[in-house]
2 protein chains.
Amino acid sequence: MHHDGELTHPAVDDFDLVEVLQALGDPVRLQIVRILDAGAGAIACHEMGLPVSKSTGSHHLKVLREAGVVKGKIDGTRRYYTLRRTDLEARFPGLLDSVLHADAVATARNR
Amino acid sequence: MHHDGELTHPAVDDFDLVEVLQALGDPVRLQIVRILDAGAGAIACHEMGLPVSKSTGSHHLKVLREAGVVKGKIDGTRRYYTLRRTDLEARFPGLLDSVLHADAVATARNR
DNA sequence: GGAATCATTCGACGAACGTCGAACGTTGGA
DNA sequence: TCCAACGTTCGACGTTCGTCGAATGATTCC
C-alpha cells in the first residue's frame with residue numbers, strides 16, 4: 001500500500017528558541033544530534049545504538065522533530081533522519097555549531 | 001555585619017552542556033539572561049521585574065548560578081547578578097551569543 | 001497470505017520541574 | 001532597639017518529563 005503520510009515538521013519561522021533549547025537539553029537527544037552530525041547522510045532510528053528502549057528513542061526523535069532540529073523521511077517501515085542544519089542556521093545563527101563544538105570539546109575532555 | 005557567606009559557583013571546567021542548555025530552556029530564565037545582557041553592570045533580583053513570585057525568581061537564579069550562567073555577589077541583603085560571559089565563552093564558544101541573538105530576533109519578530 | 005521488521009502509540013510509573021505562600025535569617029536604617 | 005527590606009529555604013501542589021513494555025500499524029520479504 002501507499003501511504004503518503006509524511007511526517008510533520010514546523011516551518012522555520014515557527015521555531016521556538018525555548019523549545020529548541022529544551023530539546024537539546026537532554027543527554028540522549030544530544031547524543032542523537034551528535035550522531036546525525038557525525039554521520040554522512042540520513043540515519044534510521046535503529047542504527048543509532050541509543051541506550052534506551054525503542055519507544056523511548058522514538059519519543060526523543062519526536063521531540064527533536066517537533067522542535068525543528070531534525071527532519072524525518074519515511075522510507076518503507078523506516079524513518080531516516082537528518083539534521084535541519086540550514087533551517088536552524090537561518091533561524092538561530094551559530095547555535096547548532098556552538099552546541100556541537102562544545103559537546104565535542106566536552107567529550108574530548110572526559111575521554 | 002560579617003559576611004563570609006559567599007555564593008558558590010562552579011568552575012569553568014565543571015560546566016556541563018546539558019545543564020546549561022536546560023538552564024537556558026525556560027522562558028523566565030531566558031528573560032533573566034536577556035535582562036542581564038541588556039543591563040549595564042550587576043542587577044539585583046527585585047530589579048528585574050520578573051513575572052513570578054520572589055521565591056520562584058530566587059529558584060531560577062539558583063538554577064542559572066549552579067549551571068554557571070550567572071555570577072551572584074552578596075551586598076548586604078541584596079544579591080547582584082552578572083552574566084559569566086567570559087567563562088561561558090571559554091567553555092562553550094559562541095553559545096551565549098547565539099542564544100542572545102536568536103532571542104533578540106524572535107522578540108523583534110513577535111513585536 | 002503469512003511472517004518478520006521497523007517504528008509509533010498507548011497507558012503506566014516514578015522522578016523532576018515550576019510555582020506559590022509562609023517562615024526564616026540577615027542586613028540596614030529610623 | 002525595633003522594624004522594614006531583601007532574599008533564601010521549606011513544604012506543598014499540580015504538571016511535565018523520561019522511561020518502559022505491550023499493543024498497534026505499516027511495509028517488505030518469502
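All figures in this text were calculated on a predicted structure; none of them were measured in a lab. Chain naming here is simple, since letters A, B, ... match the order of the sequence lines and numbering starts at 1 in each.
For A/Cys45 and B/Pro51, each mapped to the nucleotide of DNA chain C holding its nearest heavy atom, the one lying further toward the 5' end belongs to A/Cys45. Annotation: of the two residues near DNA chain D, B/Leu61 and A/Gly57, the 5′-most nearest-nucleotide partner is B/Leu61. For A/Arg79 and A/Asp26, each mapped to the nucleotide of DNA chain D holding its nearest heavy atom, the one lying further toward the 5' end belongs to A/Asp26.
Residue B/His60 is classed as a sugar-phosphate contact, given heavy-atom separations below 4.0 Å to backbone atoms only. Nucleic acid contact for A/Tyr81: sugar-phosphate only, since backbone atoms but no base atoms lie under 4.0 Å from a heavy atom of the residue.
OP1 or OP2 of C/dG28 has not a single side-chain nitrogen or oxygen of B/Thr77 nearer than 4.0 Å. A sub-4.0 Å separation between OP1 or OP2 of D/dC20 and a side-chain N or O of A/Thr56 is present. Note on A/His59: every side-chain N or O is 4.0 Å or more away from OP1 and OP2 of D/dC17. At the phosphate of C/dA7, neither OP1 nor OP2 sits under 4.0 Å from any side-chain N or O atom of A/Arg78.
We find that CZ of A/Arg29 is positioned 8 Å from C1' of D/dC17, with the value rounded to whole Å. Between B/Glu47 atom CD and D/dC6 atom P the separation is 9 Å, expressed in whole Å. Atom CG in A/Leu24 sits roughly 12 Å away from atom P in D/dG18 (whole-Å rounding). Rounded to an integer number of Å, the gap from CD of B/Gln22 to C1' of C/dA15 is 13 Å. Distance OH (B/Tyr80) to P (D/dA5): 15 Å, rounded to an integer number of Å. Rounded to a whole Å, the CD atom of A/Glu66 is 13 Å from the P atom of D/dG18. Between B/Lys62 atom NZ and C/dA16 atom C1' the separation is 14 Å, expressed in whole Å. Note: CD (A/Glu6) to C1' (C/dT8) measures 16 Å, nearest angstrom.
Contact detail for B/Arg85 and B/Leu36: the closest heavy-atom pair is NH2-O, 4.0 Å.
Remark: side-chain polar atoms of A/Asp26 are paired, donor with acceptor, to backbone N or O of A/Arg29 under 3.5 angstrom. Judged by distance alone, the side chain of B/Glu89 and the main-chain N or O of B/Gly94 form a donor-acceptor pair under 3.5 Å.
Distance from the side chain of B/His46 is smallest to D/dC6 among D/dC6, C/dA7, C/dC20. Listed nucleotides D/dG21, C/dT19, C/dA7 differ in distance to A/Ser53; the shortest reach to its side chain belongs to D/dG21.
Remark: the B/Ser55 side chain and the C/dG21 base include a donor-acceptor N/O pair separated by less than 3.5 Å.
In this structure, the side chains of B/Val70 and B/Tyr81 come closer than 4.5 Å at one or more pairs of heavy atoms. A 4.5 Å side-chain heavy-atom check between B/Leu7 and B/Ile74 finds at least one atom pair inside the cut-off.
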